[in-house]
Number of protein chains: 2
Amino acid sequence: MHFSKTTEYAIRVLAYLHRHDETSHSVNVLHQELDLPYKYLTKLMTELVKKGLVNASRGREGGLSLARDAHEIYLCDILEAIGESMEHERCILGFEKCDASNPCALHDQWVKPKELIETMLTTTSLASLLQNRETKL
Amino acid sequence: MHFSKTTEYAIRVLAYLHRHDETSHSVNVLHQELDLPYKYLTKLMTELVKKGLVNASRGREGGLSLARDAHEIYLCDILEAIGESMEHERCILGFEKCDASNPCALHDQWVKPKELIETMLTTTSLASLLQNRETKL
DNA sequence: ATAATATACTACAAAAGAGTAGTAATTATA
DNA sequence: TATAATTACTACTCTTTTGTAGTATATTAT
Ligand code: SF4
Ligand code: SF4
């Protein structure tokens with residue numbers, strides 16, 4: 001009942017890029033600031049670049065920055081870029097079809113939490129995430 | 001953002017045992033009825049027996065049945081028996097300490113879904129799960 | 001040009017989760 | 001007692017996720 005490590009990393013990195021968006025940041029800086037495994041990060045960032053969430057510029061003075069306005073990057077976009085997107089549509093008991101007309105035993109209990117999670121994912125943008133600049137990343 | 005397979009299996013098996021509690025059931029029956037991998041199930045059931053959720057009787061005519069009243073087996077008990085218990089207490093961004101006084105960036109957005117999930121886990125018993133006998137297992 | 005500093009790519013390794021195989025031990029019943 | 005049906009145990013395999021290593025390639029300040 002949690003995000004994958006990769007998802008955690010992605011959210012934290014993107015939030016960091018937004019919080020310090022006056023300039024771009026190298027993978028090495030992100031690695032140090034957020035204490036994430038360096039090599040793993042390079043792969044992840046390459047992926048996020050491909051998916052159009054991040055801009056990368058190479059060479060000396062290069063680095064990474066957000067490709068889109070932080071108001072237009074929602075948590076669900078991040079999950080989708082990583083491939084964990086429709087996880088939350090899966091039936092909580094593992095059935096293929098998540099069908100309210102043929103519900104699983106946990107249906108009634110799961111509907112509300114599921115709704116809230118979905119709301120959180122679809123309405124939380126990177127920008128809204130950082131209203132309070134005192135929070136941990 | 002989901003349960004582990006093992007957790008799914010455990011919930012479904014225990015729910016089945018409750019739904020058909022007039023008798024005990026062999027692993028083979030559970031395997032066929034719920035379409036779960038046989039050998040994997042034997043391991044899981046042995047574990048649930050050790051944890052005191054299930055009674056096992058060996059030999060011919062043996063089988064498995066709930067060890068406690070279904071009204072007293074909550075989802076959180078099942079998670080705990082499997083070792084996924086406090087997963088939902090973990091910080092959603094992966095930090096060790098989940099401390100509201102030193103919150104992570106997702107804190108405000110995560111609090112409500114988290115609460116609902118916790119409520120679901122602590123208040124849903126096997127018995128309440130099967131009010132409606134028409135649901136999938 | 002050159003050196004420094006970046007990202008990009010390929011391949012592999014380690015760890016955890018999920019699943020399989022074979023056998024031993026137990027027990028009701030014929 | 002012999003047999004069949006059952007759980008219990010040990011060890012292995014497969015797959016996915018997570019993490020590491022080394023190298024190639026691009027860019028820019030000097
Ligand atoms: S509880 Fe019902 S609606 Fe919810 S995921 Fe399972 S089958 Fe789908
Ligand atoms: S969001 Fe805040 S309270 Fe929730 S898990 Fe993360 S640190 Fe803990």
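By convention in this document, chain letters (A, B, ...) are assigned in the order of the sequence lines, proteins followed by strands, and residues within each chain are numbered from 1.
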Engineer: What is the distance, to the nearest angstrom, from the CG atom on A/Asn28 to the P atom on C/dA8?
Structural biologist: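 It is 15 Å, rounded to the nearest whole Å.
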
Engineer: Quick one: B/His31 NE2 to D/dA5 P, roughly how many Å, whole number?
Structural biologist: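 Going from NE2 in B/His31 over to P in D/dA5 covers 16 Å.
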
Engineer: Could you tell me the separation between the CG atom of A/Asn55 and the C1' atom of C/dA8, rounded to a whole number of Å?
Structural biologist: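 Checked: the CG to C1' distance equals 16 Å.
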
Engineer: Short of 4.0 Å, heavy atom to strand atom, which residues of residues 4-16 of chain B count as contacting DNA chain C?
Structural biologist: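 Those residues whose heavy atoms fall under 4.0 Å from DNA chain C, taken from residues 4-16 of chain B in numerical order, are B/Ser4, B/Lys5, B/Thr6, B/Tyr9.
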
Engineer: How does protein reach along nucleotides 21-30 of chain D, written 5' to 3' as B (base within reach of a heavy atom under 4.0 Å), S (only sugar-phosphate), or - (no contact)?
Structural biologist: BBB-BBBBS-

Engineer: Roughly how many Å is it from OH in A/Tyr38 to C1' in D/dT20, rounded to a whole number?
Structural biologist: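 Computing the A/Tyr38:OH to D/dT20:C1' distance gives 12 Å.
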
Engineer: Take atom NE2 of A/His25 and atom P of C/dA6, then tell me their distance rounded to the nearest Å.
Structural biologist: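 Rounded to whole Å, this separation is 12 Å.
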
Engineer: Tell me the interatomic distance from A/Lys50, atom NZ, to C/dA8, atom C1', rounded to whole angstroms.
Structural biologist: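 For the pair A/Lys50 NZ and C/dA8 C1', the rounded distance is 8 Å.
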
Engineer: Please list, chain by chain and in numerical order, all residues satisfying side chain to side chain donor-acceptor pair (under 3.5 Å) with B/Glu8, sequence neighbours excluded.
Structural biologist: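 In terms of side chain to side chain donor-acceptor pair (under 3.5 Å), with neighbours along the sequence ignored, B/Glu8 is linked to A/Arg90.
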
Engineer: Quick one: do the A/Tyr40 and A/Thr6 side chains pair a donor with an acceptor below 3.5 Å?
Structural biologist: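 The answer is yes; a qualifying pair exists.
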
Engineer: Please list, chain by chain and in numerical order, all residues satisfying side chain to side chain donor-acceptor pair (under 3.5 Å) with B/Glu47, sequence neighbours excluded.
Structural biologist: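 Expected list: B/Lys51.
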
Engineer: Report the residues that fulfil side chain to side chain donor-acceptor pair (under 3.5 Å) with B/Tyr38, sequence neighbours left out, ordered by chain and then residue number.
Structural biologist: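 Not a single residue meets the side chain to side chain donor-acceptor pair (under 3.5 Å) criterion with B/Tyr38.
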
Engineer: Could you tell me the separation between the OH atom of A/Tyr40 and the P atom of C/dA15, rounded to a whole number of Å?
Structural biologist: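 It works out to 15 Å between those atoms.
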
Engineer: Of all residues at least two apart in sequence or in a different chain, which pass the ring pair (Phe, Tyr, Trp, His ring centres under 6.0 Å) check with A/His107?
Structural biologist: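 Expected list: none.
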
Engineer: Quick one: ring pair (Phe, Tyr, Trp, His ring centres under 6.0 Å) partners of A/Phe3, sequence neighbours excluded?
Structural biologist: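 By the ring pair (Phe, Tyr, Trp, His ring centres under 6.0 Å) rule, A/Phe3 matches no residue at all.
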
Engineer: For B/Lys5, check side chain to side chain donor-acceptor pair (under 3.5 Å) against everything at least two apart and list the hits.
Structural biologist: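 Residues passing side chain to side chain donor-acceptor pair (under 3.5 Å) with B/Lys5: none at all.
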
Engineer: Please give, in whole Å, the distance from D/dC9 C1' to B/Leu44 CG?
Structural biologist: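 So the two atoms are 15 Å apart, to the nearest Å.
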
Engineer: Quick one: list whatever passes ring pair (Phe, Tyr, Trp, His ring centres under 6.0 Å) with A/Phe95, sequence neighbours left out.
Structural biologist: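 Checked A/Phe95 against ring pair (Phe, Tyr, Trp, His ring centres under 6.0 Å); zero matches.
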
